[in-house]
Amino acid sequence: MPELAEVEYFRRRWNAGLGQRVAHVLVHPKAGVFKKTDATTLAARLTGATLDASEAAAKQMLFRATAADGAPLWLGIHLGMTGELFVAPAGHAPRKGDHLVLVQRDRALVFTDPRMFGRVLFHEGPDAPAWWTDIAPAVTSPAFSIGALTVFLARRARTPIKAVLLMQERFPGIGNWMADEILWRAAIHPRRPAGSLSPDETKTLHREIRHVATHALRIIGRANAPTMPDPPPDWLFQHRWTDGGLCPKTKAPLVREEIGGRTTCWSPARQKL
DNA sequence: TCCTATGTTGTATG
DNA sequence: ACATACAACATAGG
């Protein structure tokens, strides 16, 4: 489920636990989400630690904590395809798929992920780990310039633009639905080779990447609702999975096909090859 | 039963 | 070394 804005939404769900001590930690150490982490060490070091702050970048979240002995701890979570964070009562009994639970006095912070494409990362030390600092600059930051975009498209010249937009090394946080939303707004066909975009199209693409990211963060990422809000009905998002769905701009039928290994939805009336 | 799924990574090939 | 394409991971729900 989670792309840029959904990750931000889930990150904020754990805000209730910031500034609070972790009384104990429940893990399923053999779960696939701990493939890159020693779950036993993580559980031992987070027990008695205090959660200090959190951030989101790309599709990852970082929770900073201070161990009982004062050491700085860094907990990373990637939600994969089906991961979620939620807050439960302190007595929460972990169910299948609840891979990591930070139990505090007044609540339990739960990471659940049935499909287990998500990952938990852990680091101890004064400096932020590479898995956090190596994340590419946000598409809403000045570093994401038209020049940088142009260079990247040229390098991936023969790949369909849809597949290129999913590359996290340049478009951190963009996922399947955001990529389709961006191309639909920019009126660019998802099969267009990345190297075939004109300077004007590149400029439009750049503008719409920022537009979709900014507004998704505003609508979904900043929401406080207990269930995640959807974008408004004039976004492609609301229509992309409906059989016989119509383009909100042209009212013509939408099309779904696999491009770059992912189901892609577009409006043939406004996105031409 | 069969198909799909808002993601990443390893591997083969050019 | 770099670009490109695709299978594999694991599970639930329609």
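A, B, ... follow the sequence lines: proteins, then strands. Residue 1 opens every chain.
Atom CD in A/Glu258 sits roughly 14 Å away from atom C1' in B/dG7 (whole-Å rounding). The nearest whole Å value for the distance from the NZ atom in A/Lys162 to the P atom in C/dC6 is 15 Å. When rounded to the nearest whole Å, the span between CH2 of A/Trp241 and C1' of B/dT4 equals 9 Å. Per the geometry, CZ belonging to A/Arg156 stands 13 Å off C1' belonging to C/dA1, to the nearest Å. When rounded to the nearest whole Å, the span between CE of A/Met167 and P of C/dA3 equals 9 Å. For the pair A/Ile259 CD1 and B/dA5 P, the interatomic distance rounds to 13 Å; values are reported in whole Å. Counting to the nearest Å, the C1' atom of B/dA5 and the CG atom of A/Leu79 are 16 Å from each other. Per the geometry, CD belonging to A/Glu6 stands 14 Å off C1' belonging to B/dA5, to the nearest Å.
A donor-acceptor pair is defined here as one N or O able to donate and one able to accept, closer than 3.5 Å; no such pair exists between the side chain of A/Arg262 and the backbone of A/Lys162. Side chain of A/Glu208 to backbone of A/Thr204: no donor-acceptor contact under 3.5 angstrom is found. Put simply, the side chain of A/Thr214 never gets that close to the backbone of A/His211: no donor and acceptor are under 3.5 Å apart. A distance-only check finds a donor-acceptor pair linking the side chain of A/Gln104 to the backbone of A/Gly17 [under 3.5 Å]. With hydrogens and angles disregarded, a donor-acceptor distance shorter than 3.5 Å links the side chain of A/Gln168 to the backbone of A/Gly173.
Looking at A/Asp113 and A/Arg119, no side-chain N of the basic residue comes within less than 4.0 Å of a carboxylate O on the acidic one, giving no salt bridge. The pair A/Lys249-A/Asp234 does not count as a salt bridge, with every side-chain nitrogen at least 4.0 angstrom from each carboxylate oxygen. A/Glu257 and A/Arg191 are joined by a salt bridge, as a carboxylate oxygen and a charged side-chain nitrogen come within less than 4.0 angstrom of each other.
Between A/His206 and A/Phe144, the ring centre distance stays below 6.0 Å. Aromatic pair A/Phe122/A/Trp74: centroids not less than 6.0 angstrom apart.
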Does the pair A/Gln238 and A/Asp230 meet the rule for a side-chain contact (heavy atoms from CB on, under 4.5 Å), with working shown?
CA-CA 8 Å; A/Gln238 297 276 4; A/Asp230 282 340; 3.6 Å; yes
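Remark: A/Asp52 engages A/Thr66 in a side chain to side chain donor-acceptor pair (under 3.5 Å) (not counting sequence neighbours).
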B/S/- along nucleotides 9-14 of chain C (protein heavy atoms under 4.0 Å) is BBBS--
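Listed pair A/His78 / B/dT8 meets the phosphate criterion, a side-chain N or O lying under 4.0 Å from OP1 or OP2. Listed pair A/Arg262 / B/dG7 meets the phosphate criterion, a side-chain N or O lying under 4.0 Å from OP1 or OP2. For C/dA3, the OP1/OP2 oxygens have no side-chain nitrogen or oxygen of A/Thr159 closer than 4.0 Å.
Across all strands shown, A/Arg158 has heavy atoms under 4.0 Å from sugar-phosphate atoms exclusively, and none from any base. Residue-level contact check: A/Ala163 touches neither bases nor backbone, having no heavy atom under 4.0 Å from any strand.
Listed by first then second residue, pairs satisfying ring-ring contact (aromatic ring centres under 6.0 Å, His included) with a partner in residues 25-61 of chain A number zero, not counting sequence neighbours.
Between C/dA12 and B/dT9, the two C1' atoms lie 23 Å apart (nearest whole Å). Nucleotides B/dT1 and C/dC9, compared at atom C1', are 22 Å apart to the nearest Å.
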What N/O pairs connect the protein and nucleotides 10-14 of chain B at under 3.5 Å? Give each pair on its own line.
none

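Under the 4.5 Å side-chain heavy-atom criterion for grouping Ile, Leu, Val, Met, Phe, Trp and Tyr, A/Trp184 is not connected to A/Leu149 through any hydrophobic cluster.
Listed by residue number, A/Gln168, A/Gly175, A/Asn176 are the residues of residues 168-176 of chain A with a heavy-atom contact under 4.0 Å to DNA chain B.
Among the duplex regions that DNA chain C forms, those built from at least three successive Watson-Crick or G-U pairs under 3.5 Å are B:2-5 with C:11-14, B:7-14 with C:2-9, ordered by first number.
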